[in-house]
Every structure is written in structure tokens, then in C-alpha cells.
Amino acid sequence: MLRQHGYDSVLFASAEAFQNHNEFEEVLCVILDINLNDGSGIELRHRLKAAGNSVPVIYMTGNNDPAVRMAALQSGCLGYLTKPFSAESLIEPLKENIGRARVMRPRSREFPSRVIR
């Protein structure tokens, strides 16, 4: 879906594999499942922030528990999607983030199009 909308993506098999990734300069957004096989997407987001990485996050989940939703929103995210979700509900926050990045960055810099999921 992401590639059909012009975004490059990198897929990681686990939270551990993702944590070993350190090339976030060109990343537009990270798409994290709330329930990972080896941990919590929300906790992973907290670890990223603690390490000084403020890359934007979109969460997705099959469980729309209000407490989990609140924790996700409080962690700071571009979006919170409940499965199944439409392509538009995923792509729209990415487009909005690109718009914010254009305002905050000089025109001469290329804008990131990579999404990590």
C-alpha cells in the first residue's frame, strides 16, 4: 500500500531488529503495531524518544482498548489506526507530516519518503 502511494518502506521482523536500525535521517515516519511479538510498540516508541530519536510514529492495532489508545496518544503519534483501516487513513497522516516538514525545513533539502514498518 505504501509503495503504491510513492513511499519507500523497510520492514523489520521484530522490535529487536528495529532497535538495531540507526538510519533515521531520511525516515518520514515509523508505523508500529501496538502488540509486537517481542514487546509493545508504545514502549518501543518511548525507547526511541529516550535515545533522542523523535521520528514520527503511526500506531496500528487490532484492539481498540481506550486505555491503550490514551497511552499511544500520550506517547506522541501522528495517528492511531484500528485494523482493518483504509489506505486513506494511513496515507493522510503521512501527507500532513510532509507538509509540516516542508514548513520546518529549507526548500533546498530533499524531503524524506521512507516509512519504516
Side-chain angles (χ1 to χ4, degrees):
M1 179 184 338
L2 292 167
R3 289 189 177 118
Q4 291 174 344
H5 284 48
Y7 297 98
D8 292 329
S9 65
V10 177
L11 180 63
F12 292 91
S14 67
E16 181 181 355
F18 174 76
Q19 289 179 108
N20 293 328
H21 182 77
N22 60 7
E23 297 179 27
F24 290 100
E25 299 82 33
E26 297 181 21
V27 173
L28 172 65
C29 182
V30 173
I31 301 171
L32 281 174
D33 200 308
I34 296 285
N35 298 309
L36 303 170
N37 287 337
D38 57 346
S40 159
I42 295 171
E43 287 303 316
L44 181 55
R45 167 72 168 152
H46 288 300
R47 287 193 297 271
L48 282 172
K49 287 172 92 174
N53 190 329
S54 60
V55 64
V57 170
I58 295 175
Y59 291 110
M60 61 181 177
T61 184
N63 178 7
N64 195 20
D65 179 277
V68 172
R69 177 187 275 276
M70 182 61 70
L73 295 174
Q74 288 175 343
S75 77
C77 62
L78 293 178
Y80 181 90
L81 306 174
T82 304
K83 300 174 197 176
F85 52 84
S86 68
E88 183 179 317
S89 64
L90 175 61
I91 299 304
E92 195 57 38
L94 295 175
K95 288 180 180 178
E96 289 173 12
N97 192 45
I98 289 172
R100 282 191 294 271
R102 287 189 172 144
V103 169
M104 297 169 65
R105 293 185 179 161
R107 286 187 150 279
S108 61
R109 290 195 56 187
E110 186 175 325
F111 298 104
S113 65
R114 175 175 272 177
V115 176
I116 296 179
R117 56 185 174 90

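For reference, positions follow the sequence shown, starting with 1.
- Partner of Ile42 under the side-chain contact (heavy atoms from CB on, under 4.5 Å) criterion, chosen from Ile34, Leu32, Leu36: Ile34.
- Heavy atoms of other residues, nucleotides or ligands lying less than 6.0 angstrom from CG of Asn20 number more than 12.
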Verify side-chain contact (heavy atoms from CB on, under 4.5 Å) between Leu90 and Met60, making sure each step is shown before the conclusion. CA-CA 9 Å; Leu90 175 61; Met60 61 181 177; over 6 Å; no
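- Nearest heavy-atom pair across Ser75 and Tyr59 is OG-OH, 2.7 Å.
- Atom-to-atom distance recorded for Glu96:CD and Leu78:CG is 8.5 Å, nearest 0.5 angstrom.
- Between Val27 and Val30, the shortest heavy-atom distance links the atoms CG1-CG2, 4.3 Å.
- Atom-to-atom distance recorded for Asp38:CG and Ser14:OG is 4.5 Å, nearest 0.5 angstrom.
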Under the side-chain contact (heavy atoms from CB on, under 4.5 Å) criterion, do Arg45 and Cys77 qualify, and how do the steps go? CA-CA 9 Å; Arg45 167 72 168 152; Cys77 62; 5.7 Å; no
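- Across all non-hydrogen atoms, the minimal contact from Leu73 to Tyr80 is CD2-CB, 4.3 Å.
- The closest donor-acceptor contact from the side chain of Asp8 to the backbone of Arg3 lies at 3.5 Å or more, if one exists at all.
- Taking NZ of Lys95 as the start and CD of Glu88 as the end, the distance is 8.0 Å to the nearest 0.5 Å.
- Side-chain atoms of His21 come within 3.5 Å of backbone atoms of Glu23 as a donor-acceptor pair (strictly under, hydrogens ignored).
- Annotation: side chain of Asn63 is not in contact with side chain of Thr82 (no heavy-atom distance under 4.5 Å).
- Arg69 contributes atom CZ, which lies 12.5 Å from atom CD of Gln74 (distance to the nearest 0.5 angstrom).
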Let's go through Val57 and Ile31 carefully: what are the C-alpha distance in whole Å and the side-chain angles of both, what is the deciding distance for side-chain contact (heavy atoms from CB on, under 4.5 Å) to 0.1 Å, and is it a yes or a no? CA-CA 6 Å; Val57 170; Ile31 301 171; over 6 Å; no
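- To the nearest 0.5 Å, atom CD of residue Gln4 and atom CD1 of residue Ile91 are 9.0 Å apart.
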Report the C-alpha distance between Thr61 and Phe85 in whole Å, list the side-chain angles of each, state the deciding distance to 0.1 Å, and finish with yes or no for side-chain contact (heavy atoms from CB on, under 4.5 Å). CA-CA 10 Å; Thr61 184; Phe85 52 84; over 6 Å; no
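- Environment of CD in Glu16: sparse, with no more than 12 heavy atoms of neighbouring residues, nucleotides or ligands closer than 6.0 Å.
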